[in-house]
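Chain A is the first sequence line, chain B the second, and so forth, proteins listed ahead of strands; every chain is numbered from 1. These numbers come from the heavy atoms of this one structure, side chains and all, not from hydrogens, waters or symmetry mates.
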Amino acid sequence: MKHILGKILENIELTEKHFLLTVKVKAKIPDVVPGQFVMVMIDDKKVFLRRPFTLYKVGEDTISIMYKVRGFGTNLLSRMKKGREISLLGPLGRGFALRNRDLYVIVAGGIGIAGVNLLIERMKGRFQIFYGTSSSKGLALIRNLISHDPIIATMDGSFGYKGDIISCLSQHIHYFSGVDFEILACGPKDMYVSLKNVLVTYRVPCQVLWEEKMGCGMGLCFGCAVKTENAEHPMKRVCLEGPVFDLWDLSL
Amino acid sequence: MKHILGKILENIELTEKHFLLTVKVKAKIPDVVPGQFVMVMIDDKKVFLRRPFTLYKVGEDTISIMYKVRGFGTNLLSRMKKGREISLLGPLGRGFALRNRDLYVIVAGGIGIAGVNLLIERMKGRFQIFYGTSSSKGLALIRNLISHDPIIATMDGSFGYKGDIISCLSQHIHYFSGVDFEILACGPKDMYVSLKNVLVTYRVPCQVLWEEKMGCGMGLCFGCAVKTENAEHPMKRVCLEGPVFDLWDLSL
Amino acid sequence: MGSIAIEIFGKKLRNPVMNASGTLGYGREIERLWSIKVLGAFVTKGLSILPCQGNPQPRIFDLGCGMLNSIGLQNIGIKRYLEEYTEFFLERKTPVVVNIFGFTEEEYIECALAIGDNPVVLAIEVNLSCPNVKTGGILFGKKPETVFRIIRGVKSATNFPVIAKLSQEVTDIVELAKAAFEAGADGLTLINTIPGVVLEENRVIRGGLSGPFLKSIALKAVYDCSKAVPIPIIGVGGIMNTEDVISFLRAGAKAVQIGTATFVYPNTIPKIVKELKKRRSFD
Amino acid sequence: MGSIAIEIFGKKLRNPVMNASGTLGYGREIERLWSIKVLGAFVTKGLSILPCQGNPQPRIFDLGCGMLNSIGLQNIGIKRYLEEYTEFFLERKTPVVVNIFGFTEEEYIECALAIGDNPVVLAIEVNLSCPNVKTGGILFGKKPETVFRIIRGVKSATNFPVIAKLSQEVTDIVELAKAAFEAGADGLTLINTIPGVVLEENRVIRGGLSGPFLKSIALKAVYDCSKAVPIPIIGVGGIMNTEDVISFLRAGAKAVQIGTATFVYPNTIPKIVKELKKRRSFD
Ligand SMILES: Cc1cc2nc3c(=O)[nH]c(=O)nc-3n(C[C@H](O)[C@H](O)[C@H](O)COP(=O)(O)OP(=O)(O)OC[C@H]3O[C@@H](n4cnc5c(N)ncnc54)[C@H](O)[C@@H]3O)c2cc1C
Ligand SMILES: Cc1cc2nc3c(=O)[nH]c(=O)nc-3n(C[C@H](O)[C@H](O)[C@H](O)COP(=O)(O)OP(=O)(O)OC[C@H]3O[C@@H](n4cnc5c(N)ncnc54)[C@H](O)[C@@H]3O)c2cc1C
Ligand SMILES: Cc1cc2nc3c(=O)[nH]c(=O)nc-3n(C[C@H](O)[C@H](O)[C@H](O)COP(=O)(O)O)c2cc1C
Ligand SMILES: Cc1cc2nc3c(=O)[nH]c(=O)nc-3n(C[C@H](O)[C@H](O)[C@H](O)COP(=O)(O)O)c2cc1C
Ligand code: FES
Ligand code: FES
């Protein structure tokens, strides 16, 4: 973890609500595990706390995050222009742990793709991407991933499977039976609830990137704590022991 | 009074502590009386209230203020770069009233010159400038006024009269006896106290530009109120009934 | 655009937006930018039976996310004010909430009597955050007993609805709200500035805090008191925009007042009124 | 660079800067950025006799000029904490202020007993802003009597100096400071977060406010209490930089604690300590 100062190189509008921000940094970028995040300072009167974003891409001297405009902070972030100075803190948290499975099934819902992009970039073995989005507009977020033949679901049926990504996955999951596979997922909470329901009978190994509002991102405030199934550690901090958790560890 | 939006055209460093800020504005600039001021928004986390500055110069589509770095707000202002958007509110207050005297004696102490520059620019009849500053460095603030042959005093004697500007004035004042003259002054409070002492025997007519910390600049908060000698109106708001007052009206 | 009129104290107001006492001058000043007709009601500066010169300079401190003021309740006195301004408000058909204070219990009552049956008055707002000279300067609003006595006294001296404006620096604001209600208050205004201190060149200056940082504290007071007493509550404290107004209304306020925001963004009130009108037609 | 060591509770501290309880994790976490040896003393998270899971999510709200938290005092319990961390602080020769709380008066005393004569402890900081389950959740810190009883109880259960950390949401904080002093408190920590409310999607969430907007209120508490009681005061609330620390010391604080600032600017504490050292040599 360190303080990383940089300047905005670009802040590209992908859809009305989604942006890809690239920051050029001066100092050496520490090693990053996919799934780790940075706390971004959004310098404005109306924003006090930093905001967490997964590292989407890490170059020689650049760091990118992909984000969705949700509230105040992301709205202001989306208006920041090239050249503006920006302070990041990271990399933070525990990323995805790869245990040499025969197959990884990567499941992303909407902006959740930002949480697994670096993971996909660095994948060595066999993997299959499932990506769910509300409409074909959401394809703008996975342009770089088309060559990996993702299975795509849209809620309005405007592209691929019609429905949510977990029902789409549940239609495919029997193909993987017998294979030593693990699921790596990133998306909203209700996606994880459905996912758990689908996987529960076989207790398929599954890691999820869990989001919670954060005060500090460094384990200091306990603002991000979630309940677990672990009697010894009934509460875990998303920013320190996560954001990537074993799905079976969390009390959803 | 209106809301004036503009962009910084230049923010020139005159001395280490003094700056000249010029803003280019889009809408029509209302008529200005010398001595009137604007409330400037300094857009930063650490500044909440606007800050008052006298209108130093008003062009076709530009407004200038000259300011001294005193605290947080002016410090941040001094770092604002060309192109930055800025919001002004004005013109505000009552400026200098000219009553066709034979001679006007204009007295400015330090950054007080900012308060009388527009007045000097618009002077029609006879006038004499007295300018006091701590050292010859302060001459950087009156480069544009040299042709008016100002009488200059420096505290350290590095230029002109050695001492404060009021003792300098008191040495000259007898030259004006018999002339229908009025003093127009802008400077710190202790300068006004000395001035009053010098003028008291003859009750020479004198207008001063009085500064007080302001909450609103529009007469709403009573934050800027000063005591007067007027029984009917024992308190007056600097931003509304001032900032230019008859020296004999104020209780110093 | 739909109607955003409200009914309060048996009268209809154009909208639920007022200025906060002491933050819009005597009334005339802002008209260089917008007409006070924009307001649901105009709230006067705190008025006392005798004129009051207020505190020495400096009176204003910028705290970055709000401000501290030590105006000290400067005003020209309630009688002179009503003489000079009644006509002004009549012409503008703008109902007036008269904010009063006193340094003794009797002075509160004298203020109420001085108002008489003035035709522009909507209600009397009783500022209880004033030091009681008889008890060495303890604010009237600190104790349920004094709140009760003052509200009861003002009620008996006027036919106008009486609003108690409570101080927030208390152990339990709900207790004070109940005392005001039991004394016959027709409404509450929550909250006043919060006491704070600034150090300037080793001088310690006391004053009241206002601005955005009050919002969450004021929302709590409004929410808790609105559950406890059945009279309308006027929410004040840190409102900067329409979202904030909606939060106060949701927390249980019937109307709102906007103070410090106007100092920095002088068009806050007309902007909010306009935005409320737009919204109303969608819900 | 001069010395900025202070003496407090009969011990010498490297400097007057501590973290605020609950804002620097359990102690280990920040060491990825700086060593806790930088601190004059480390203040633990609030610890209770039984482990505590705290409140449900969401727990954190950004209010633009500060934040609201509803952590709900989550902690692993005082016994487990001291087992797991005593060694850590011993190694770093960093004195520890143990912040304790309880839901009954007895639980406070049990915490004090659980500390025993632990070698790293400098003092016990008693967080009085905790709801008393026996009185339907009224905070202990609201009444002089309960403050007195709890401090007296903790004092009788320990030989360590006892610091009362007072709640600010009271009618007269000086009265509470006096109650704590009379009960034998060796110091005061002023102030805790201030209760507030946020509305999120129509849910009303209660929590405590922290950050820059507390500063002026905390300075008032420190100033007023330092005039009223002869024990050292530790000032907390909204400190963001060295200027702020100086203000607290001038207002009468002997030491300071820094909380929320670290969340946003994680190097605030080492930066302030460094700057204090530089200044000291000039005065
Ligand atoms: C470890 C981690 C990694 C993340 N990575 C990404 C990413 O790569 N791209 C991306 O777009 N977003 C990511 N997020 C979510 C992102 O942090 C929030 O969207 C952002 O903080 C919202 O800020 P805001 O000021 O716009 O919203 P606010 O005004 O603070 O809130 C708006 C709404 O968003 C919800 N929200 C706010 N913060 C979070 C949060 N941290 N988690 C879940 N919901 C939240 C609020 O409950 C509220 O309903 C991540 C969050 C975490 C914890
Ligand atoms: C009508 C009017 C016109 C002015 N015109 C000019 C001008 O043309 N050029 C210029 O440089 N300054 C002018 N000033 C003063 C200027 O407004 C202050 O210097 C500025 O507000 C300081 O802001 P700050 O945040 O830097 O200082 P702060 O951090 O707010 O204060 C720093 C120090 O300056 C003092 N101070 C702050 N504001 C004022 C004030 N309004 N009047 C007097 N002392 C103050 C404070 O007491 C403090 O000691 C004018 C003031 C008024 C009232
Ligand atoms: C400069 C100033 C003067 C005030 N004067 C009064 C007053 O005379 N009477 C009163 O009841 N409240 C007074 N108040 C308090 C406001 O009416 C309001 O309760 C408080 O400022 C919180 O609202 P805000 O954050 O929107 O400003 C004053 C506030 C300020 C800032
Ligand atoms: C996330 C968080 C957790 C806190 N936990 C505790 C606690 O356990 N015990 C306690 O006495 N105070 C607690 N506090 C209050 C702080 O110690 C401090 O009094 C307050 O935050 C004001 O200081 P600040 O503005 O510097 O943060 C907590 C504050 C925050 C923000
Ligand atoms: S965000 Fe502060 S502990 Fe996780
Ligand atoms: S600054 Fe507000 S009345 Fe003058």
Side-chain angles (χ1 to χ4, degrees), chain A residues 1-5 30 38-52 70-76 87-93 189 210-228 230-241 250-252, chain D residues 19-34 45-46 51-77 80 198 200-201 205 207 209-213 238 240 258-267 269 271:
Chain A
M1 175 201 355
K2 60 179 211 173
H3 222 133
I4 304 171
L5 290 173
V38 281
M39 292 295 285
V40 178
M41 171 92 86
I42 299 167
D43 211 359
D44 188 278
K45 274 186 189 181
K46 287 170 195 140
V47 180
F48 180 67
L49 300 167
R50 291 168 184 261
R51 299 288 192 272
R70 271 194 247 197
F72 250 105
T74 44
N75 190 347
L76 286 162
S87 145
L88 315 173
L89 197 72
L92 293 159
K189 283 176 195 169
W210 190 263
E211 292 185 5
E212 218 53 86
K213 281 184 144 192
M214 290 187 171
C216 68
M218 299 172 278
L220 309 178
C221 73
F222 290 71
C224 61
V226 287
K227 280 210 173 126
T228 73
N230 181 324
E232 179 76 352
H233 295 285
M235 301 298 293
K236 286 190 176 172
R237 281 165 281 180
V238 172
C239 67
L240 201 71
E241 287 127 309
L250 295 173
S251 324
L252 295 197
Chain D
N19 62 296
S21 174
T23 65
L24 207 64
Y26 284 132
R28 240 186 261 284
E29 300 85 347
I30 199 67
E31 292 222 317
R32 292 174 290 169
L33 280 180
W34 46 270
K45 202 173 165 19
C52 190
Q53 297 204 347
N55 291 337
Q57 287 290 344
R59 291 177 169 192
I60 298 285
F61 300 87
D62 186 339
L63 302 183
C65 43
M67 58 176 276
L68 179 139
N69 85 76
S70 90
I71 309 295
L73 294 165
Q74 178 191 334
N75 76 94
I76 54 175
R80 178 163 168 195
V198 290
E200 176 145 299
E201 291 151 17
I205 298 169
L209 300 168
S210 65
F213 47 36
M240 297 299 286
I258 291 159
T260 310
T262 302
F263 299 167
V264 187
Y265 307 98
N267 290 321
I269 290 175
K271 188 158 175 254

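Nearest heavy-atom pair across A:Gly223 and D:Ile60 is CA-CG1, 3.5 Å.
Of the two parts of D:Asn19, neither the backbone nor the side chain holds a non-hydrogen atom closer than 4.5 Å to a non-hydrogen atom of chain A. In this structure, no portion of D:Arg28 lies under 4.5 Å from any heavy atom of chain A. When heavy atoms are compared at a cutoff of 4.5 Å, A:Met214 approaches chain D solely by way of its backbone atoms N, CA, C and O. Interface remark: A:Met41 contributes side-chain atoms only to the contact with chain D (heavy atom separation under 4.5 Å).
Here the SG-NZ distance, from D:Cys65 to A:Lys45, works out to 11.0 Å after rounding to the nearest 0.5 Å. Here the CD-CZ distance, from D:Glu29 to A:Arg237, works out to 4.5 Å after rounding to the nearest 0.5 Å. Summarising the geometry, atom CG belonging to A:Leu92 is positioned 6.0 Å from atom CZ belonging to D:Arg32; distances are rounded to the nearest 0.5 Å. Between atom NZ of residue A:Lys2 and atom CG of residue D:Leu33 there is a gap of 11.0 Å, rounded to the nearest 0.5 Å. From D:Ile71, atom CD1 reaches atom SG of A:Cys221 across 5.0 Å, with rounding to the nearest 0.5 Å. Expressed to the nearest 0.5 Å, how far CG of A:Leu220 lies from CZ of D:Phe263 amounts to 6.5 Å.
Of the listed residues (D:Asn69, D:Thr262, D:Ile30), the one with the most heavy-atom contacts under 4.5 Å to chain A is D:Ile30.
With hydrogens and angles disregarded, no donor-acceptor distance shorter than 3.5 Å links the side chain of D:Gln57 to the backbone of A:Val226.
Comment: D:Arg59 does not engage A:Glu212 in a salt bridge, judged by the lack of any side-chain N to carboxylate O separation of less than 4.0 angstrom. Salt bridge D:Asp62/A:Arg51: present, at least one basic N to carboxylate O contact under 4.0 Å.
A:Phe48 has its side chain out of reach of D:Leu63: every pair of non-hydrogen atoms, C-beta onward, lies at least 4.5 Å apart.
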